[in-house]
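Here is the structure we will look at.
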Amino acid sequence: GLIPIIEPEVDIKAADKDKCEQELLVCLLQELETLRPCDQVIFKLTLPTVANLYRPLISHPRTLRVVALSGGFDRADACK
C-alpha cells in the first residue's frame, strides 16, 4: 500500500529554530498517537539544531522511516 510522507519544514534561518523544532516534535508525537496501530508514516524533516532530537520519532512504532530534508544547507553542513 501507500505510505504517507509528512514533510513539515522549519526555516533554517529562523532565530528560534531550536524552539520551533522542539514544538514540532511535540506536535508530531501527539499526532502519531491518533493513528491506528496498523498505520505508519515517513517523516522528511529539516536537519535539527540539537543532535538526536528526533530520536523519539525514529523509535515510535507508527514511524516507518525518518529522512533528512537538507534544503538550504550546503553539502558540508548537511553532512555534519
Side-chain angles (χ1 to χ4, degrees):
L2 300 175
I3 304 288
I5 298 173
I6 301 169
E7 189 175 340
E9 190 168 348
V10 174
D11 184 349
I12 65 169
K13 295 179 179 19
D16 58 348
K17 181 177 177 275
D18 55 339
K19 182 180 178 204
C20 294
E21 292 165 342
Q22 290 285 343
E23 290 179 20
L24 176 62
L25 175 61
V26 169
C27 291
L28 294 176
L29 287 169
Q30 288 174 345
E31 291 301 317
L32 280 175
E33 294 305 319
T34 68
L35 298 177
R36 297 175 303 171
C38 60
D39 292 335
Q40 286 190 306
V41 297
I42 295 171
F43 288 105
K44 191 172 178 184
L45 301 169
T46 304
L47 296 170
T49 303
V50 176
N52 296 313
L53 175 72
Y54 296 124
R55 186 165 299 281
L57 287 177
I58 294 167
S59 63
H60 196 285
R62 307 288 181 281
T63 301
L64 179 63
R65 183 163 295 151
V66 175
V67 297
L69 173 64
S70 62
F73 287 105
D74 61 36
R75 185 180 302 253
D77 287 336
C79 292
K80 284 184 182 177

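Side chains are part of it too, since the values below use all heavy atoms of this structure and drop only hydrogens, waters and symmetry mates. Throughout, residue positions are numbered sequentially from 1 according to the sequence presented.
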Task: Val67 side chain reached by Ile5 side chain, heavy atoms, under 4.5 Å - done: no

Open item on the list: For the OG1 atom of Thr34 and the CG atom of Asp39, what is their distance to the nearest 0.5 Å?
Closed with: 9.0 Å

TODO: Considering non-hydrogen atoms only, spot the tightest contact between Leu57 and Thr63 and give its length.
DONE: O-OG1, 2.8 Å

TODO: Indicate yes or no: at least one non-hydrogen side-chain atom of Arg65 is less than 4.5 angstrom from one of Gln40.
DONE: no

TODO: Taking all non-hydrogen atoms of both residues into account, name the closest pair between Tyr54 and Thr46 and its distance.
DONE: CE1-O, 3.7 Å

Task: Test log, rule side chain to side chain contact (heavy atoms under 4.5 Å, CB included), inputs Leu24 and Phe43 - done: CA-CA 12 Å; Leu24 176 62; Phe43 288 105; over 6 Å; no

Task: CG-CD distance between Leu28 and Glu33, expressed to the nearest 0.5 angstrom - done: 12.0 Å

Open item on the list: Using the rule that Ile, Leu, Val, Met, Phe, Trp and Tyr join whenever any side-chain heavy atoms are under 4.5 Å apart, tell me whether Val41 and Ile58 fall into a single cluster.
Closed with: yes

TODO: Taking Glu21 for its side chain and Thr49 for its backbone only, find out whether a donor-acceptor pair lies under 3.5 Å.
DONE: yes

Task: Considering all heavy atoms, the nearest Arg62-Leu35 contact - done: NE-O, 3.6 Å

Task: Between CD1 on residue Ile12 and CG on residue Leu69, distance to nearest 0.5 Å - done: 9.5 Å

- [ ] Check whether any side-chain heavy atom of Pro8 lies under 4.5 Å from a side-chain heavy atom of Val10, and answer yes or no.
- [x] no

TODO: Might you point out which heavy atoms bring Leu47 and Lys17 nearest each other, and give the distance in Å?
DONE: O-NZ, 2.8 Å

